Amino acid sequence: MSDRAPQPVERQLPTEEARDLLALVREIAQREIAPKAAEEEDAGRFPREVFTLLSESGLLGLPYPAEHGGGDQPYEVYLQVLEELATARLTVGLGVSVHTLASYALATYGSKQQQVEHLPAMLGGGLLGAYCLSEPSSGSDAASLRTKAVREGDTWVIDGTKAWITHGGIADFYTVMARTGEDGPRGITAFLVPGDAPGLSGAAPERKMGLKGSPTAQVHLDGVRVPDARRIGEEGQGFSIALSALDSGRLGIAACAVGLAQAALDEAVRYATERRQFGHPIADFQGLRFMLADMATQIEAGRALYLAAARLRDAGRPFAKQAAMAKLHCTDTAMKVTTDAVQILGGYGYTADFPAERYMREAKVLQIVEGTNQIQRMVIARHVAGPEGR
């Protein structure tokens, strides 16, 4: 047994309160999340009780106002909480990120009355949210969505199918984008739909390569009636609300990707310092040392990138370009680092007896969700070189 072990992450936190918060998160992650992660992922089990605990601990509404049950924490702190959770189990980190994304529209664009009525339960009342933008025929081209909401007096009737919905079928509330007007982005409106609304149902969860504990499913809306009081923002404002939410959501995915990559690096370091060949720990061989150095460097660069974007957001400055860059770099890093971790473990890395292969399978989806990395490159290029076809 080697006395060398992975070093704890050195974090720059703005307050003593934030340090205490991260210590609490780390304790919960090590005690309640990490020990069960491999077994529950293999069984495809969603840890709803963990999310109940996180809600009771004030961790499901961190970046939102305390007056509505949130934690009043800057994104700089919230994202590092996500990273810690994702290091323990990506299903949990991603789930918190999606819940935060689902709460964004009401917390940012909802009326005062809506926020008072709904936010306390959403942020600290044990509820779990889902975000419904994508559809079977509209993924990257989200503005072409077909789900329709037709007004009947003070009620909207929603019909359509949403696809690739994290927490689909188990969420307590859904932030749904539906077409209320003309084709294209200007005809879309946002709604807060209760999870038990008559006519709303979840299909069987998708059979995925990784993240088996996180349910991803189509959500069917068949004549779902929603009062106008649950419309978020103005009619036709839904697409801009959706894009604004995704800018913040991409930072959540970036932080989760760094957490997953950190878990893979920790596992690779642990194995490489304990595994002996030719009379030495394999961590003594330059080829592996250089791999570990590259992995650590890319993770640190990703962490710095998402934190720089978060600080822009916290300062009220534009951050869309930096969010896209963070999502692109951090998720590509997660894919590379987890693949290298499997290589360092050799044959053991390819077995389910070690977590490296699970990390690699989970990393792939992060390059796809909340805007594929090809879309991120398009977003970045528009900021750098201007819009296409000028």
Side-chain angles (χ1 to χ4, degrees), residues 6-37 47 49-104 107-108 119-129 248-263 266 299-300 302-316 319 323 326 330:
Q7 298 299 306
V9 174
E10 294 183 10
R11 299 199 179 278
Q12 297 181 15
L13 296 165
T15 63
E16 195 61 39
E17 179 189 10
R19 292 186 186 90
D20 293 342
L21 176 62
L22 264 292
L24 169 65
V25 172
R26 200 171 295 116
E27 178 187 347
I28 292 174
Q30 293 173 355
R31 185 184 71 239
E32 303 291 342
I33 301 173
K36 305 173 186 176
E49 73 283 355
V50 168
F51 285 85
T52 300
L53 173 62
L54 295 177
S55 181
E56 292 171 349
S57 303
L59 299 175
L60 284 192
L62 285 176
Y64 296 122
E67 65 177 308
H68 298 308
D72 255 339
Q73 291 296 317
Y75 244 65
E76 173 187 4
V77 173
Y78 157 68
L79 293 178
Q80 294 187 75
V81 169
L82 277 189
E83 184 191 327
E84 288 284 350
L85 293 173
T87 299
R89 185 178 178 186
L90 183 59
T91 283
V92 176
L94 184 72
V96 174
S97 180
V98 168
H99 174 84
T100 304
L101 176 69
S103 303
Y104 175 91
T108 308
L119 272 183
M122 291 164 63
L123 301 182
L127 302 186
L128 188 66
S248 297
R250 285 166 181 162
L251 291 181
I253 298 301
C256 286
V258 169
L260 181 64
Q262 186 68 54
D266 290 347
I299 291 170
E300 199 67 40
R303 184 176 291 121
L305 192 56
Y306 86 62
L307 285 175
R311 289 168 185 142
L312 286 175
R313 185 190 190 281
D314 290 334
F319 67 100
C330 294

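The structure displayed is predicted, hence computed values, not measured ones.
- Counting heavy-atom neighbours within 6.0 Å of Gln12 CD, excluding the residue itself, gives a total of 12 or less.
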Working for side chain to side chain contact (heavy atoms under 4.5 Å, CB included), residues Leu85 and Leu59: CA-CA 11 Å; Leu85 293 173; Leu59 299 175; 5.7 Å; no
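- Across Cys256 and Ala86, no two heavy atoms sit closer than the pair O-CB, 3.5 Å.
- The two residues Leu82 and Ala255 come nearest to each other via the heavy atoms CB-CB, 4.2 Å.
- Taking all atoms of both residues into account, the shortest heavy-atom contact from Ala309 to Leu251 is CB-CD2, 3.5 Å.
- The shortest non-hydrogen separation linking Glu76 to Leu307 is O-CD2, 3.6 Å.
- Contact between Ala29 and Pro35 at its shortest, heavy atoms only, is O-CD, 4.1 Å.
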What pairs of donor and acceptor atoms, side-chain ones from residues 95-102 against any protein atom, are under 3.5 angstrom apart with sequence neighbours left out?
residue	atom	partner	partner atom	Å
His99	ND1	Gly129	N	3.0
His99	NE2	Met122	O	2.8
Thr100	OG1	Tyr78	OH	3.1
Thr100	OG1	Val96	O	2.8

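- Looking at heavy atoms from C-beta onward, Tyr306 lies in side-chain contact with Val258 at the 4.5 angstrom threshold.
- Note that CG of Leu79 is 10.5 Å distant from CD1 of Ile253, once rounded to the nearest 0.5 Å.
- Between atom CD of residue Glu27 and atom CD of residue Glu32 there is a gap of 9.0 Å, rounded to the nearest 0.5 Å.
- Residues Thr91 and Val50 fail the side-chain proximity criterion, which asks for heavy atoms closer than 4.5 Å.
- Checked against side chain to side chain contact (heavy atoms under 4.5 Å, CB included), Leu22 has the following partners two or more places apart in sequence or in another chain: Arg11, Leu13, Arg26, Val77, Gln80, Val81, Glu84.
- Annotation: the span from Ser103 atom OG to His68 atom NE2 amounts to 12.5 Å, rounded to 0.5 Å.
- The CD1 atom of Ile28 lies 4.0 Å from the OG atom of Ser57; values are rounded to the nearest 0.5 Å.
- Between Ser55 and Gly125, the shortest heavy-atom contact is OG-N, 3.7 Å.
- Every side chain to side chain contact (heavy atoms under 4.5 Å, CB included) that Glu300 has, sequence neighbours left out, goes to Arg303.
- Taking CG of Leu128 as the reference point, atom CG of Leu60 lies at 7.5 Å (rounded to 0.5 Å).
- Taking CZ from Arg89 and CD1 from Ile33, the interatomic distance works out to 8.5 Å, rounded to the nearest 0.5 Å.
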